[in-house]
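Inspection log for the structure reproduced underneath, given as structure tokens.
For ligands, and for the atoms within them, numbers begin at 1 and follow the listed sequence.
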Amino acid sequence: MMKIICVCGARPNFMKIAPLMKEFNACKQIEAILVHTGQHYDNHMSHLFFEQLNIPTPDINLEVGSGSHAIQTAEVMRRFEPILLEHKPDYVLVVGDVNSTIACGLVAVKLGVKLIHVEAGLRSFDRSMPEEINRLLTDSISDLMFVTEQSGVDNLMREGVNPEKIHLVGNLMIDTLMANRDKAAESNILTMLGLERKKYATVTLHRPSNVDNRDNLERIFNALDIIQKDMKIVFPMHPRTKTNLNTFGLQAQIIAMQNMLLLEPVGYLEFLKLTDNAAFMITDSGGIQEETTILGIPCMTLRGNTERPVTIYEGTNQLVKLTIENIVGAYNELKSKNFEVIGRMPLFWDGHAAERIVEVILNKHVIT
Ligand code: UD1
Ligand code: UDP
């Protein structure tokens with residue numbers, strides 16, 4: 001029996017861990033132990049996803065909560081080490097690029113436990129992004145790497161990683177999307193919010209470069225103000241953004257926007273329904289760039305780069321730089337095309353990534 005400790009901590013981790021836990025639990029050769037670091041902890045940032053996505057209750061919750069990068073990372077490490085010493089797993093599996101990912105990865109390798117990284121190889125080439133540092137460091141200590149798109153394979157090869165460690169398997173985010181699309185269609189969130197299909201846009205923002213900087217956040221809000229005069233906007237607001245809105249004194253401006261629906265973060269099913277029926281999205285989320293590609297929804301990503309270039313080359317995503325002219329210009333351009341864009345499905349984004357991952361783990365020995 002192979003023992004794997006699987007780690008999740010923040011919202012985008014839950015969609016990735018859900019299909020994996022299902023596959024692991026169906027596999028007789030694998031014992032999977034689920035550790036939640038507690039990086040995200042509000043009901044609507046954490047527990048709700050366990051309920052909606054049928055993720056087993058974590059065996060262990062480290063309850064680290066929020067803090068500076070150093071405090072949060074250190075606290076996860078401090079609390080994760082005794083878990084490994086007690087359970088002595090064969091592998092630790094981490095997903096994505098959040099602080100919990102690198103923290104648990106570091107603890108594992110220092111104790112001589114093999115590390116599996118799911119969503120390896122993605123690079124924005126922007127080292128001012130905390131996630132880019134987490135990605136580079138996690139990949140550099142991983143024994144087995146599962147990659148969502150060819151660019152990730154190319155990046156790892158260029159960095160000199162042994163090709164036997166690298167496996168292009170597709171995208172767990174899309175496994176979850178495909179498994180839940182029908183269920184999400186039953187959500188009554190559009191009716192509740194008085195929204196009509198394709199007559200509104202959905203917005204999410206949480207990248208520090210956009211929301212921790214007053215000028216940038218104000219610039220985005222000014223652009224949203226212009227857009228909402230033409231089309232309704234629904235904006236489930238990330239707690240980081242909400243905090244900054246208050247700190248910067250920008251609440252009054254956004255509350256005054258008549259066609260702007262501000263919400264707390266919503267559950268996965270409700271959000272999928274909001275995405276699937278939107279005319280277009282405005283976001284800086286990693287996962288949403290991928291989901292809109294599969295749903296065929298135009299996505300304006302308010303960033304200067306993306307670690308997920310396949311969503312641009314094959315999908316429905318475009319990068320939009322942070323000026324009012326660029327954001328409103330991109331909106332007008334989409335409007336002139338009646339919000340119709342054509343994309344295609346990237347290789348292996350077919351709902352079967354978790355099966356491929358389990359097959360590789362069972363069939364291949366980890367290369368050291
Ligand atoms: C984290 C990840 C980011 C990911 C995002 C997904 C890192 C470095 N960043 O960013 O890569 O895209 O999650 O959403 O790991 N807060 C709450 N309730 C919660 C969680 C957080 O109120 O349940 C507030 C706290 O004030 C906290 C702030 O949000 O300080 C930021 O949380 P944190 O996990 O540090 O970073 P995120 O911006 O969420
Ligand atoms: N999401 C959600 N509710 C929301 C906003 C987003 O369920 O109110 C989902 C979204 O569909 C995607 C994931 O959260 O599956 C993306 O997480 P996030 O944007 O927080 O992180 P990132 O992908 O940028 O790391």
Side-chain angles (χ1 to χ4, degrees), residues 8-18 36-49 51-53 63-73 75-76 94-104 119 122 124 129-135 137-138 148 171-177 180-181 184 187 189 202-212 234-247 262-276 278 281 283-292 294-295 297 299 301-303 306-308 311:
C8 61
R11 179 168 68 186
N13 297 163
F14 307 137
M15 298 81 196
K16 295 166 198 168
I17 216 74
H36 188 331
T37 65
Q39 176 172 346
H40 285 177
Y41 43 84
D42 285 341
N43 181 55
H44 56 226
M45 293 297 287
S46 176
H47 181 70
L48 189 50
F49 299 96
E51 253 176 40
Q52 292 196 342
L53 303 177
E63 296 181 346
V64 295
S66 303
S68 68
H69 285 281
I71 289 174
Q72 189 172 60
T73 309
E75 204 52 42
V76 173
V94 294
V95 297
D97 54 17
V98 301
N99 284 346
S100 302
T101 309
I102 179 60
C104 294
E119 204 184 87
L122 298 183
S124 66
M129 258 185 111
E131 295 81 2
E132 183 73 354
I133 305 299
N134 293 342
R135 292 180 201 118
L137 296 182
T138 306
T148 51
N171 195 330
L172 290 174
M173 205 75 171
I174 305 307
D175 284 18
T176 295
L177 185 150
N180 288 283
R181 200 172 176 185
S187 157
I189 188 153
T202 305
V203 173
T204 78
L205 294 170
H206 70 276
R207 293 260 98 82
S209 56
N210 285 336
V211 307
D212 286 4
V234 56
F235 186 173
M237 196 175 279
H238 190 282
R240 174 187 286 278
T241 312
K242 191 175 174 187
T243 305
N244 288 332
L245 196 69
N246 296 338
T247 312
L262 292 182
L263 308 178
E264 293 290 341
V266 296
Y268 182 80
L269 298 174
E270 291 78 18
F271 193 79
L272 181 48
K273 175 110 182 195
L274 283 175
T275 308
D276 211 0
M281 306 284 290
T283 194
D284 55 16
S285 159
I288 293 169
Q289 296 173 57
E290 301 178 333
E291 291 167 342
T292 46
I294 292 303
L295 296 171
I297 306 292
C299 182
T301 296
L302 303 191
R303 287 176 48 188
T306 179
E307 60 290 331
R308 293 160 160 92
T311 61

Please write down residue, atom name and distance for the protein heavy atom closest to atom 8 (C) of ligand 1.
-> N99 OD1, 3.3 Å
Give the atoms of ligand 2, by number and element, whose distance to some non-hydrogen atom of M173 is under 4.0 Å.
-> 12 (C), 13 (C), 15 (O)
Nearest-neighbour protein heavy atom for atom 16 (N) of ligand 1, which is reported as residue plus atom name and distance = Y41 OH, 3.5 Å
Do you see a donor-acceptor pair shorter than 3.5 Å between the side chains of T283 and T204?
-> yes
Numbering the atoms of ligand 2 from 1, which are under 4.0 Å from a heavy atom of F49?
-> 7 (O)
Looking at R207, which atoms of ligand 2 are within less than 4.0 Å of one of its heavy atoms?
-> 24 (O)
Protein contact of atom 24 (C) of ligand 1 - nearest heavy atom, named by residue and atom, plus distance | P239 CB, 3.7 Å
Could you tell me which atoms of ligand 2, counted from 1 in the order shown, lie closer than 4.0 angstrom to a heavy atom of P265?
-> 8 (O)
Which atoms of ligand 2 have any heavy atom of G267 under 4.0 Å away?
-> 7 (O)
Among H40, E132, M45, R240, which one has a heavy atom closest to atom 29 (O) of ligand 1?
-> R240
For ligand 2, which atoms, with element, lie under 4.0 Å from some heavy atom of P236?
-> 8 (O)
What protein heavy atom sits nearest atom 18 (N) of ligand 1, and how far off is it?
-> D42 OD2, 2.8 Å
Is H206 in contact with ligand 2, taking contact as a heavy-atom separation below 4.0 Å?
-> yes
Kindly say whether the aromatic ring centers of F14 and H36 come within a distance under 6.0 Å.
-> yes
At what distance is the nearest protein heavy atom to atom 15 (O) of ligand 2, and which residue and atom is it?
-> E291 OE2, 2.5 Å
When you measure from atom 14 (O) of ligand 1 to every protein heavy atom, which one gives the shortest distance, and what is it?
-> H238 NE2, 3.0 Å
Show which atoms of ligand 2 fall inside a sub-4.0 Å distance from at least one heavy-atom site of M15.
-> 9 (C), 13 (C), 14 (O), 15 (O)
Subset of ligand 2 atoms that lie under 4.0 Å from at least one heavy atom of Y268 = 7 (O), 15 (O)
Starting from atom 2 (C) of ligand 1, find the nearest protein heavy-atom neighbour and note its residue, name and distance.
-> V98 CG1, 3.7 Å
Where is the nearest protein heavy atom to atom 25 (C) of ligand 1: which residue, which atom, and how far?
-> S66 OG, 3.3 Å
Option with minimal heavy-atom separation from atom 12 (O) of ligand 1, where the choices are E131, Q72, R207 | R207
Could you tell me the residue and atom name of the protein heavy atom closest to atom 3 (N) of ligand 2, and the distance to it rounded to 0.1 Å?
-> V266 O, 2.7 Å
May I ask you to identify, for F271, whether its side chain, its backbone, both or neither come under 4.0 Å of ligand 2 on a heavy-atom basis?
-> side chain
Closest protein heavy atom to atom 6 (C) of ligand 2, given as residue, atom name and distance to 0.1 Å = R11 CZ, 3.6 Å
Kindly identify the option in G287, G286, S285 whose heavy atom sits closest to atom 19 (O) of ligand 2.
-> S285
Are side-chain N/O atoms of E291 and T275 paired as donor and acceptor at under 3.5 Å?
-> no
Which bit of P12 gets closer than 4.0 Å to ligand 1, counting heavy atoms only: side chain, backbone, both or neither?
-> side chain
Taking the side chain as C-beta and beyond, is there a heavy-atom pair between Q289 and R303 under 4.5 Å?
-> yes
Atoms in ligand 1 flagged as close to H206, the criterion being non-hydrogen separation under 4.0 Å = 4 (C), 5 (C), 6 (C), 12 (O)
Side-chain contact, heavy-atom cut-off 4.5 Å: V76 with Q39?
-> no
